[in-house]
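The block underneath contains the structure these notes are about, expressed in structure tokens.
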Amino acid sequence: MILVTGGLGMIGAHTARALADLGHEVVVTAYHRTEVPSFLAGRVTVESLDVTDRDAFLALAGRHDISDIVHLAGSIPDKDAVCFFRTETTGLLNALEAARTWGVRRFAVASSLGVYIGRTETRWHEELALPAANLPHPIIAFKKAAEPLTTHGLQGSGVQPVVLRIGSIWGPLMDPESPFNHIPPYISAALRGEEPQPLYADDGGDNCYAPDTGFAPTFDVAAAVADYVAWRAGNPR
């Protein structure tokens, strides 16, 4: 069984769906978001869990035979960056402890394409050294820090670390109130007949819209995670 923390969030839910489509048993954790999307109803086991609660996290093994972990749970920072970093780090360390204690095969953790900020190349790849740079958002800063925490935290454990440097496209099923992309909330407000929040050219970046790609409703990482797990298990699509 594969554990997906934050499995009812946008990335997590579609990762869980991709894994279920491959025939895996999946258990997802949820904390703030508890509504199960229709495409997951009856297909996954849902556990209510605050990932910062170490004892509750470790207790999952008493109810499920977990072979792999995909750690996607996360929060949105407010003005207190220290509180945000404490919450995210505690959740990650609890997940890493669970991976070591349970002896899972693989531990995948969400990173970000933002870790490449500061590189001038027009094509990023995994062999590039990550620069020391002024990062624009606390989420990216934590994701960058999560990479060495994960690889060193699992060293000598026999658990294979997998770092997922996630980038996004947007499509019809992207979270309409996403705090990470200005376009879906703008369109959703317009469709409701409400006045959208104004958008300014200087606030934007490159956005790729894919209405008909297989996993375009969310992030391609959902397919990538599922493909990687299946490949390592000898069960490719």
Side-chain angles (χ1 to χ4, degrees), residues 3-16 28-35 48-54 56-57 69-98 107-119 124 130-153 161-170 174-186 188-189 196-200 202-207 218-219 221-222 225:
L3 171 66
V4 181
T5 67
L8 296 186
M10 182 169 60
I11 301 175
H14 288 271
T15 298
V28 304
T29 71
Y31 185 50
H32 294 295
R33 180 173 294 184
T34 57
E35 182 179 352
S48 178
L49 177 71
D50 177 355
V51 294
T52 66
D53 185 334
R54 173 183 176 274
F57 203 131
I69 298 174
V70 183
H71 183 55
L72 301 177
S75 60
I76 297 175
D78 56 18
K79 295 180 180 179
D80 189 345
V82 172
C83 180
F84 167 72
F85 291 136
R86 181 180 294 112
T87 299
E88 299 301 285
T89 303
T90 300
L92 173 60
L93 294 179
N94 287 342
L96 289 170
E97 182 178 0
F107 180 93
V109 65
S111 182
S112 167
L113 283 180
V115 301
Y116 292 107
I117 289 173
R119 300 293 317 199
W124 292 335
L130 300 185
N134 185 25
L135 300 174
H137 197 278
I139 290 180
I140 298 175
F142 175 75
K143 299 299 187 188
K144 193 169 185 177
E147 295 196 11
L149 288 175
T150 296
T151 54
H152 285 279
V162 181
V163 172
L164 307 168
R165 291 176 178 165
I166 299 173
S168 68
I169 57 177
W170 70 285
M174 189 173 187
D175 187 345
E177 304 304 328
S178 172
F180 305 111
N181 189 320
H182 298 299
I183 297 175
Y186 189 94
S188 297
Q197 292 293 319
L199 297 180
Y200 302 98
D202 291 342
D203 294 336
D206 294 330
N207 287 278
T218 62
F219 293 69
V221 69
V225 171

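As a basis for the values below, the full set of heavy atoms in this structure was taken, side chains included, without hydrogen atoms, waters or symmetry mates.
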(request) Determine the interplanar angle of the Phe84 and Phe142 rings, folded into 0 to 90°, and report it as parallel if under 30°, tilted if 30 to 60°, perpendicular if over 60°. (result) perpendicular
Does any non-hydrogen side-chain atom of [Y] lie less than 4.5 Å from one of [X]?
| X | Y | result |
| --- | --- | --- |
| His32 | Ile76 | no |
| Lys143 | Ile166 | no |
| Val109 | Pro161 | no |
| Phe57 | Leu3 | yes |
| Thr151 | Glu147 | no |
| Pro136 | Ile117 | yes |
| Val115 | Leu130 | yes |
| Arg165 | Tyr116 | yes |

Closest contact, heavy atoms only, [X] versus [Y]:
| X | Y | result |
| --- | --- | --- |
| Leu96 | Leu149 | CD1-O, 3.7 Å |
| Gly7 | Val28 | CA-CB, 3.6 Å |
| Thr29 | Val51 | OG1-CG1, 4.4 Å |
| Ala30 | Leu8 | CB-CD1, 3.5 Å |
| Ala73 | Gly6 | CB-N, 3.7 Å |
| His71 | Phe107 | CB-CZ, 3.7 Å |

(request) Taking side-chain contact (heavy atoms from CB on, under 4.5 Å) as the test, write out the residues that go with Ala81, two or more places apart. (result) Phe85
How far does [atom1] of [X] sit from [atom2] of [Y], to the nearest 0.5 angstrom?
| X | Y | atom1 | atom2 | result |
| --- | --- | --- | --- | --- |
| Asp53 | Tyr31 | CG | OH | 9.0 Å |
| Asn94 | Thr89 | CG | OG1 | 10.5 Å |
| Leu93 | Thr150 | CG | OG1 | 9.0 Å |

Taking [Y]'s backbone N and O only, do any of them form a donor-acceptor pair with [X]'s side chain (distance below 3.5 Å, no angle check)?
| X | Y | value |
| --- | --- | --- |
| Ser111 | Leu164 | no |
| Thr5 | Leu72 | yes |
| Glu88 | Gly74 | no |

(request) Give a yes or no on this: more than 12 heavy atoms of other residues, nucleotides or ligands lie within 6.0 Å of atom NE2 of His137. (result) yes
(message) With a 6.0 Å cut-off (strictly less than), is the heavy-atom count around CG of Asp78, excluding the residue itself, greater than 12?
(response) yes
